[in-house]
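Predicted, not measured: the structure shown is a model, and the values here were computed from it.
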Amino acid sequence: MHIKSDDLAHENELVARNVRRFRLERAMSLGELARRSGLSKQTLSKIEQGSGNPTVETLSLLGAALDVPARRLLTEWGTPVYVQRHDEGEWAEAGNWSERLLDEVYGSGYVRTLVLRLERGGRQPEPVVPHAAGTLHHIYVITGKLRTGPVTEPVDLAAGDFARFPGDIPHRHVCLSERVVAHMVTTLPQVRQISPTVLQGGPGA
């Protein structure tokens with residue numbers, strides 16, 4: 001029996017992200033997952049590429065092999081990495097100015113904007129310690145080439161490329177050219193507010 005959905009492509013992409021995420025979090029190779037699930041590496045490769053159409057039985061086998069309920073493979077966890085290449089953006093013209101929309105994230109909270117400058121080092125930089133839950137990094141490369149994103153799912157960006165990825169898991173920025181200049185925005189929704197001080201016994205106590 002195959003999964004029935006109004007948006008099968010979206011469901012397949014969701015399963016692909018989750019299978020790959022859970023597999024990498026467990027430091028499990030594709031071959032090891034194939035051995036544990038009883039599925040072929042070719043089938044697993046298609047599933048992780050989002051081109052497979054897994055049956056309910058296949059999801060059950062994958063869930064058992066990854067030690068998660070099968071329903072978790074059909075649930076969005078965290079925020080997927082989003083990349084917009086320099087030649088994919090559309091410019092909107094309005095009078096004497098134009099704009100290119102990079103991303104939209106709804107909600108309110110902490111927003112930090114900065115310009116990031118990196119230089120090529122002699123060795124791989126250490127991963128950045130995860131920030132508070134819900135943190136997102138939004139990076140637009142101005143000059144140079146940058147490898148950035150989650151440790152388990154890095155992406156290579158060139159000038160004009162944009163990416164959004166979760167900052168509440170280990171991540172890393174690696175300079176692939178001599179220098180990199182990038183514009184970075186960090187957002188954290190629902191920042192906890194400072195509670196008012198309440199005097200014991202009320203006013204005048």
Flag, side chain of S45 to backbone of K41, donor-acceptor distance under 3.5 Å: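 Looks like no, no N/O pair under 3.5 Å.
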Donor-acceptor under 3.5 Å (T187 side chain, V111 main chain):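 Pair absent, no side-chain N/O of T187 close to backbone of V111.
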As an exercise, state the distance from [atom1] of [X] to [atom2] of [Y], rounded to the nearest 0.5 Å.
| X | Y | atom1 | atom2 | value |
| --- | --- | --- | --- | --- |
| L14 | E11 | CG | CD | 6.0 Å |
| T152 | R23 | OG1 | CZ | 10.0 Å |
| I169 | T135 | CD1 | OG1 | 11.0 Å |
| L116 | L118 | CG | CG | 4.0 Å |
| R72 | D67 | CZ | CG | 9.5 Å |
| R120 | E178 | CZ | CD | 5.0 Å |

Can you see which heavy atom on [X] is nearest to which on [Y], and at what distance?
| X | Y | value |
| --- | --- | --- |
| I47 | A16 | O-CB, 3.0 Å |
| A132 | D168 | O-CB, 3.4 Å |
| L44 | L30 | CD1-O, 3.7 Å |
| P166 | L136 | CA-CD2, 4.0 Å |

Contacts of E126 that satisfy salt bridge (charged side-chain N to carboxylate O under 4.0 Å, His left out) - sequence neighbours left out: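 E126: no salt bridge (charged side-chain N to carboxylate O under 4.0 Å, His left out) contacts found.
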Qualifying residues under salt bridge (charged side-chain N to carboxylate O under 4.0 Å, His left out), relative to R112, sequence neighbours excluded: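 R112 satisfies salt bridge (charged side-chain N to carboxylate O under 4.0 Å, His left out) with no other residue.
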Verdict with reasoning, D161 to R85, per side-chain contact (heavy atoms from CB on, under 4.5 Å): CA-CA 4 Å; D161 290 345; R85 299 298 178 185; 3.0 Å; yes
Restricting to side chain to side chain contact (heavy atoms under 4.5 Å, CB included), what partner residues turn up for [X], sequence neighbours left out?
| X | value |
| --- | --- |
| E13 | R17 |
| P130 | P170 |
| R26 | F22, M28, L66, V68 |

ILVMFWY network linking L33 to L61, side-chain heavy atoms under 4.5 angstrom: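 Yes, L33 and L61 fall within the same hydrophobic cluster.
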Greater than 12 external heavy atoms within 6.0 Å of E25's CD: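 For E25, atom CD is crowded (more than 12 foreign heavy atoms under 6.0 Å).
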Shared-cluster residues of L176, by chain and number - hydrophobic side chains joined below 4.5 Å: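 Traced through the cluster, L176 reaches V174.
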Remaining members of the apolar cluster that contains Y82, side-chain heavy atoms under 4.5 Å: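 Cluster partners of Y82: L102, V115, Y140, I142, F162, V181.
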Identified side-chain contact (heavy atoms from CB on, under 4.5 Å) partner of T58 from the options L73, L39, V15: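 Considering L73, L39, V15, a side-chain contact (heavy atoms from CB on, under 4.5 Å) with T58 is found only for L39.
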Test applied, side-chain contact (heavy atoms from CB on, under 4.5 Å); reference residue, V155; option that passes from I139, L146, T148: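 Between V155 and the candidates, side-chain contact (heavy atoms from CB on, under 4.5 Å) is satisfied uniquely by T148.
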Residues that [X] engages under side-chain hydrogen bond (donor to acceptor under 3.5 Å, both in side chains), provided they are two or more places apart:
| X | result |
| --- | --- |
| R172 | none |
| T113 | none |
| R20 | none |
| H171 | H137 |

Sequence neighbours excluded, every pair satisfying salt bridge (charged side-chain N to carboxylate O under 4.0 Å, His left out) that has a member inside residues 145-155: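 For residues 145-155: R147-D156.
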Derivation of the side-chain contact (heavy atoms from CB on, under 4.5 Å) call for L157 and V180: CA-CA 10 Å; L157 306 176; V180 167; over 6 Å; no
Side chains of T143 and R179 in contact at under 4.5 Å (non-hydrogen atoms):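 With C-beta onward as the side chain, the pair stays apart.
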